[in-house]
Amino acid sequence: MTKNIGLADKVIRLIVATICTTLYVTHTVSGIFGTLLLIAGGVLLTTSFINFCPFYSAIGINTCAVKNHKH
């Protein structure tokens, strides 16, 4: 797996995952929508930790910074 999630993308995913989890845990959102929100938060959290998003890979997106190597 090649990393395809950059730092800014990772931070945004972590923030959104935290918000999703908080909304579920505080019962602000419940029922099927709450469960889906919790699952989405889990997916965002997981992809931010492994620095890889299968959806990005499928559509050819890469938000990682390009490193210039001098030879």
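Note that this is a predicted model, so its numbers are computed, not measured.
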Donor-acceptor pairs under 3.5 angstrom involving side-chain atoms of residues 27-46: please list them, not counting sequence neighbours.
| residue | atom | partner | partner atom | Å |
| --- | --- | --- | --- | --- |
| T28 | OG1 | T26 | OG1 | 2.9 |
| T35 | OG1 | G31 | O | 3.1 |
| T46 | OG1 | G42 | O | 2.8 |

Donor-acceptor pairs are to be reported for all side-chain atoms of residues 13-21 against protein atoms at under 3.5 Å, with residues two or more places apart or in another chain.
| residue | atom | partner | partner atom | Å |
| --- | --- | --- | --- | --- |
| R13 | NE | D9 | OD1 | 3.1 |
| R13 | NH1 | T47 | OG1 | 2.8 |
| T18 | OG1 | L14 | O | 2.8 |
| T21 | OG1 | A17 | O | 2.9 |

Discussion item. Rounded to the nearest 0.5 Å, what separates atom OG1 in T2 from atom CG in N51?
Written reply: 11.5 Å
Fill in: CG-OH distance between N4 and Y56, expressed to the nearest 0.5 angstrom
8.0 Å
Worksheet item: Roughly how far apart are K10 NZ and C64 SG, rounded to 0.5 Å?
Response: 10.0 Å
